[in-house]
Protein chains: 2
Amino acid sequence: MARTDTRFRQSHNAMLDMLSTLPLGAGLPSEVQLAAQLGVSRTVIRAVVQKLGADGILQGSGREKRLTRLPKPKDRLSLREDYIGRDELEARFLDWVLRFDVPAGTALNITQLARQFTVPPHALQEFLASLGQSGLIERRARGGWRLLGFTADYAVELSEFRQVLELNAIRAFTALPKEHAAWTALSKIRAEHLELLDRIDRDFHDFSRLDGRFHSLINSVVSNRFVAEFQKVISLIFHYHYQWDKTMERYRNEAAIREHLTIIAALQDRDTLSAEARARGHLATSKETLLSSMRGHHLA
Amino acid sequence: MARTDTRFRQSHNAMLDMLSTLPLGAGLPSEVQLAAQLGVSRTVIRAVVQKLGADGILQGSGREKRLTRLPKPKDRLSLREDYIGRDELEARFLDWVLRFDVPAGTALNITQLARQFTVPPHALQEFLASLGQSGLIERRARGGWRLLGFTADYAVELSEFRQVLELNAIRAFTALPKEHAAWTALSKIRAEHLELLDRIDRDFHDFSRLDGRFHSLINSVVSNRFVAEFQKVISLIFHYHYQWDKTMERYRNEAAIREHLTIIAALQDRDTLSAEARARGHLATSKETLLSSMRGHHLA
DNA sequence: CATTGTGTCTTTAATGATAAAAACCACTGG
DNA sequence: CCAGTGGTTTTTATCATTAAAGACACAATG
């Protein structure tokens, strides 16, 4: 077979919903308008309109198409809820790799994985290719893929790379002019840190998200697409790691918040050297936590 | 249809070559040996052997297969020279993007490009996906790809990113222990610089390659897969850029060699600050050259 | 009886055919 | 001349098909 007609089915049902709000005998909007409204091409609209005509819901041709009967629930087309999107796939895949210790060097089976993640094999193939640069995956010489795995080596190198980027961002931050919007954002996120510190006993889980936002604020002052791209990978990995290392979570998070605050203070003092040193320290503990949580995870 | 039988055809011909060296009536090596020798699976070997049997070149079965007649030129299978490899594709694609000013935002047509580069559409798809992280290409919402293009913005950000990585490498370099192999390599490449300087009038074209090797030596002391990955992209882009900017090439290259030498000297003195400053300067001129060459290219 | 080799069968991924969707163009009624 | 529609061409996502790889069991040979 060929392409799925998911788009047609969805549009068909959306059109039924739209028609239900119209009075009997009302004229139909133009195809271009409908297409814009549903966010699909005219071709799909035309296919839908034709089907509605055949089902006796619409009548007439050309510009004279009118609603002849209200659609019934029965007219709806069933659409099998399949295929997940790219982001969902990314999340599930990383979850699979990071949560279950898939051993390094495992040969990946396209067909099987595609079934497992309910995506067409083709989509998985493309996804794996796009992951190529992240160093988690390798193309084998004569077909197939190999998972290089989320090893300790990988974590160390990732952390080091993160440090290089982030220290650079710190240096850039202190050089910003006073009126730059980042300073306001920094004050704001400082307040959020203090506020979370107040209710840390209860809401320490909220830190993961705050951490992500803090680091992405720091890096946002370096407007560079390569940095941004890597930042995505890094925050993804660290985000997942937060999800499975539960030991000492409350205390770890509180300590991290305090480290963040010292970095923020140094930045606000425009003390480049101090900020750099603080950030270095923070990133080092972060790396240690990542590594120790990996060890714990392997023993489990 | 399905997979091409290129591997079968190649193996068939290779086998003919091999048989030509044997005397008539000689016994055949085992399938496993043959497979190892030709670097293919046993399945292919078996298919080939069966065909050779049908063509009367081999006779017998099981372990008793013997050469009954020498292969003639006519026995060779023709193989259409198609499909280029991945590296070749990468080279051709970048060449196409960088050499002809493909305007930013162009929608890429898979089928057409696949024909143009003589690869199966599928392979192109995968290639484009793998380029996703490099920021040259974007997936459009509902199918298709868009070329973001090698714009001035892109070049600036690439250069800045390169600078971040390379300054970090410089700092790491000066911290290396005396007996590290990189010092020997540095002395060696210094000699090569001096040697090229002697014959610069004639061989200034050789600089492009030397430049690549110099920068990759600097970066090699940071053993980090992410750095290495990006280094590949960077050197690719700079390599191509060298190919089309011919203005002042001789003088540019001579100046660059001298800059390299000052960096090397500072490194050998273990003078971190000086080395960093020199490298900063060199990378700045490199960036300027890249930008100016792009401007010149656009006007052409 | 261990080792090496072959025959058979299963699994897997690359490819072309194909259908869905998008884009294009020409025509028509107002 | 413009908004809208009908017809047609392009183009991409999906699927069936087939080459190739690999696994397993049995046979032969020393």
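Treat the numbers as computed from the prediction; the structure is a model and nothing was measured. Just so we're on the same page: letters track the sequence lines, and every chain starts at 1.
Side-chain proximity of Ile110(A) to dG4(D), dA21(C), dA13(C): nearest is dA13(C). In this structure, of dA22(C), dA28(D), dG4(D), it is dA28(D) that holds the atom nearest to the side chain of Arg63(B). Among the nucleotides dA13(D), dA14(C), dT6(C), the one closest to any side-chain atom of Arg139(B) is dA13(D). Among the nucleotides dA20(D), dT15(C), dT14(D), the one closest to any side-chain atom of His122(B) is dT15(C). Listed candidates were dA20(C), dT11(D), dG29(C). Nearest to the side chain of Thr111(B) is dT11(D). Listed nucleotides: dT15(C), dA3(D), dA22(C). Nearest to the side chain of Ser41(A): dA22(C).
Atom CZ of Arg46(A) and atom P of dC25(C) are 15 Å apart (whole Å). Regarding Arg42(B), its CZ atom lies at a distance of 8 Å from the C1' atom of dG7(C), rounded to whole Å. A straight line from CD of Glu31(B) to P of dA20(D) spans 15 Å, rounded to a whole angstrom. Rounded to an integer number of Å, the gap from Asn109(B) CG to dA22(C) P is 16 Å.
Ring geometry, Phe117(B) versus Trp96(B): the interplanar angle exceeds 60°, so the pair is classed perpendicular (tilted spans 30 to 60°).
A cation-pi arrangement, defined by a distance under 6.0 Å to the six-membered ring centre and an angle within 45 degrees of its axis, is absent between Arg140(B) and Trp145(B).
Mapping Val32(B) and Gln112(A) onto DNA chain C by nearest heavy atom places Val32(B) closer to the 5' end of the strand. Each of Val44(B) and Ala123(A) was assigned the nucleotide of DNA chain D with the nearest heavy atom; the assignment lying further toward the 5' end belongs to Ala123(A). Ranked by how close their nearest DNA chain C nucleotide is to the 5' end, Leu28(B) and Gly144(A) are led by Leu28(B).
The base of dT12(D) sits within donor-acceptor range of the side chain of Arg3(A), with an N or O pair under 3.5 Å.
Aromatic ring centres of Phe230(B) and Phe161(A): separated by at least 6.0 Å.
A donor-acceptor pair shorter than 3.5 Å cannot be found between the side chains of Arg63(A) and Ser30(A).
One finds a salt bridge joining Arg69(A) and Asp75(A) here, because a Lys/Arg side-chain nitrogen approaches an Asp/Glu carboxylate oxygen to under 4.0 Å.
Backbone-only engagement by Gln125(B) is indicated by non-hydrogen atom pairs under 4.0 Å involving sugar-phosphate atoms exclusively.
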